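First comes the structure, then the notes that go with it.
Chain A is the first sequence line, chain B the second, and so forth, proteins listed ahead of strands; every chain is numbered from 1. As the structure is a prediction and not an experimental result, all values here were calculated from the model.
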2 protein chains.
Amino acid sequence: MTAERAARRRAVPAESVRREEILAIATRIFADKGYASTTVREIADAAGILSGSLYHHFDSKESMLDEVMRAFLDGAVDRYRRTVTKGGDPLGVLRALVHDGFAALGSNPAALVVMINEFNLLVQSPRFAYLREGASETERLWAGVIEEGMRTGVFRSDIDPRMIYRFMRDTIWISVRWYDPDGKNTIEEIADFYLEMLLDGIRVR
Amino acid sequence: MTAERAARRRAVPAESVRREEILAIATRIFADKGYASTTVREIADAAGILSGSLYHHFDSKESMLDEVMRAFLDGAVDRYRRTVTKGGDPLGVLRALVHDGFAALGSNPAALVVMINEFNLLVQSPRFAYLREGASETERLWAGVIEEGMRTGVFRSDIDPRMIYRFMRDTIWISVRWYDPDGKNTIEEIADFYLEMLLDGIRVR
DNA sequence: GTCTATATTGAGATAGAC
DNA sequence: GTCTATCTCAATATAGAC
């Protein structure tokens, strides 16, 4: 009942296909120009309607951003949770997590660009507090696997596991800035290149 | 004479200490809130003056951003150029470049945050075309060293050198988001941790 | 679900006094 | 070098017709 009441508070049911179209358009423009520099008029233009008509679908410009971020973060954290719950040897689980991260990137690059660009600004606002929670849970899941690998002697333990986690998270996420879906490497190949580099390094021994 | 004429075209000589103070303040606020979401009134407030008075020092809000980015990028590229010109074995040069990158980060974290956050938006504007040139020269310098290392058999050559470069550049730059100048690790220590990870990997063999 | 028309606010920037 | 006062424009959002 709570969900039903929440849905009624919106301008229109969340399942509308038109709504999803507009949201995808908005995400792309947010990614290209930055959220603050995007005007509702631009979004409306790209959707082929007038700016006022947007407010039939959404409460505000901020609501659009909110939905995009929530959906993307939820999707990513879900993947990580499932992978860690499934369990296995730390090396295999870490490999799977890296592939999860790149898969989330590939599933909606524009949404990830927006999240990376706006994260620091948004976590300061109460409305976007869930971003901090999602980031915390992700760190717990990833760092836990790295620590277990250190305990069982699979990973070297002379570097702070949380620092390793941060370097990994940032490296994977930020690659969305140069990743080209139509380029010569698939997202899985890039994930494997990264894993090669991460696990064995670039030096010949 | 050209430089003198250019200086006169500005509102006030570029050497003014007050000017540099205001620029540092603006940089910090740009980094915290994003350039587009920062108002000239906020900058003026933080500087203890009224917004109109800013225009005695700067032509526009965009001019402030321009000066910050230009100074930071020039400083970084200068370091890289010097290091590569000095030469040496590829492994040593790459180590030095990584330390250069982290040193640039440490020299002005706020400016780097602004550059990372606004880069994609700004390179689209003619005024900020120099960003693209700086990025290109950096890529040429770094990728050249990596390629030489591959030729001489120091680095593995089964991964595209430009992909290695991108992963490295992004990983170093983006760490400014969690780097804490008052934290327990110095910027040199973080650089060494990163080099350990990059060169030999995290897997025990 | 979209349009017309408009209310309202807040932004960057300027002119001239001190 | 800063302040007072203000211009001008563009942005989000709303109300009601179709």
Side-chain angles (χ1 to χ4, degrees), chain A residues 7-27 29-30 32-69 114 118 121-122 124-125 127-128, chain B residues 7-30 32-69 114 117-118 121-122 124-125 127-128:
Chain A
R8 224 177 291 120
R9 215 179 298 123
R10 291 184 238 237
V12 113
E15 306 82 28
S16 158
V17 46
R18 185 69 175 123
R19 199 188 151 84
E20 293 306 311
E21 276 174 20
I22 296 174
L23 215 48
I25 290 168
T27 305
I29 306 181
F30 288 159
D32 282 353
K33 314 201 26 166
Y35 170 72
S37 302
T38 299
T39 69
V40 292
R41 277 175 237 272
E42 286 173 306
I43 299 171
D45 279 358
I49 57 177
L50 290 186
S51 64
S53 306
L54 280 179
Y55 291 84
H56 172 73
H57 301 280
F58 304 94
D59 290 338
S60 65
K61 179 182 158 189
E62 198 181 73
S63 292
M64 297 188 215
L65 179 63
D66 191 15
E67 287 195 39
V68 172
M69 306 281 275
V114 176
E118 317 294 344
L121 180 52
L122 294 179
Q124 297 173 36
S125 140
R127 171 165 197 176
F128 293 91
Chain B
R8 224 177 290 120
R9 216 180 299 123
R10 291 185 240 236
V12 113
E15 306 83 26
S16 157
V17 45
R18 185 67 176 128
R19 200 186 150 83
E20 293 305 311
E21 274 174 19
I22 295 174
L23 215 48
I25 289 167
T27 305
R28 195 163 23 78
I29 305 181
F30 288 159
D32 282 352
K33 314 201 24 166
Y35 170 72
S37 303
T38 299
T39 68
V40 293
R41 284 175 175 85
E42 286 173 305
I43 299 171
D45 279 358
I49 57 179
L50 289 187
S51 65
S53 307
L54 280 179
Y55 292 84
H56 172 74
H57 301 279
F58 303 94
D59 290 338
S60 66
K61 180 183 160 190
E62 197 180 74
S63 292
M64 297 186 216
L65 179 62
D66 192 16
E67 287 196 38
V68 172
M69 307 279 276
V114 177
N117 290 344
E118 316 295 342
L121 180 52
L122 293 179
Q124 300 175 33
S125 141
R127 172 164 196 176
F128 293 92

Has the side chain of B:E42 got a donor or acceptor atom that lies under 3.5 Å from a matching backbone atom of B:I29?
-> no
Looking at C:dT14, D:dG1, D:dA13, which one has an atom nearest to any side-chain atom of A:S51?
-> D:dA13
Rounded interatomic separation in angstrom, taking NZ from B:K61 and P from C:dA11 | 9 Å
For the residue pair B:R28 and B:T38, confirm or rule out a side-chain donor-acceptor distance under 3.5 Å.
-> no
A:E21 CD to C:dG1 P, straight-line distance once rounded to whole Å = 11 Å
Spacing of A:E62 atom CD relative to D:dA11 atom P, expressed in whole Å = 18 Å
Do the side-chain N or O atoms of A:R18 get closer than 4.0 angstrom to the phosphate oxygens (OP1, OP2) of C:dT2?
-> yes
Check every strand shown and say whether A:S37 touches a base, only sugar-phosphate, or nothing at a heavy-atom separation below 4.0 Å.
-> nothing
Length of the line joining B:L65:CG and C:dG12:P, which is rounded to integer Å = 13 Å
To the nearest angstrom, how far is A:I49 atom CD1 from C:dA5 atom C1'?
-> 17 Å
Phosphate contact (D:dT2 OP1 or OP2) by B:H57 side-chain N/O below 4.0 Å | yes
Could you tell me the separation between the CE atom of B:M64 and the P atom of C:dA13, rounded to a whole number of Å?
-> 8 Å
A:S53, nearest nucleotide to its side chain (from D:dT4, C:dC3, C:dG1) | C:dC3
In whole angstrom, what separates B:D59's CG from C:dA15's P?
-> 13 Å
Of the candidate nucleotides C:dT2, C:dA11, C:dC3, which contains the atom at the shortest distance from the side chain of B:T39?
-> C:dA11
Say whether, by atom type as modelled, one donor and one acceptor occur between the side chain of A:E67 and the main chain of A:L23 under 3.5 angstrom.
-> no
Answer yes or no: does a side-chain N or O of B:H56 lie under 4.0 Å from OP1 or OP2 of D:dG1?
-> yes
Compare the minimum distances between each of D:dT4, D:dA13, C:dC3 and the side chain of B:L50, then state the nucleotide with the smallest one.
-> D:dT4
With the side chain of A:Y55 defined as its heavy atoms from C-beta on, choose the nearest nucleotide among C:dA13, C:dT2, D:dT12.
-> D:dT12
Roughly, in whole Å, what's the span from CD1 in B:I43 to C1' in C:dG12?
-> 11 Å
On a plain distance test, is the side chain of B:R41 in donor-acceptor contact with the base of C:dG12 below 3.5 Å?
-> yes
Among A:R41, A:K61, A:M64, the one residue meeting side-chain contact (heavy atoms from CB on, under 4.5 Å) with A:L54 = A:M64
Run the numbers on A:I22 and A:F58 for side-chain contact (heavy atoms from CB on, under 4.5 Å), then give the verdict.
-> CA-CA 10 Å; A:I22 296 174; A:F58 304 94; 3.7 Å; yes
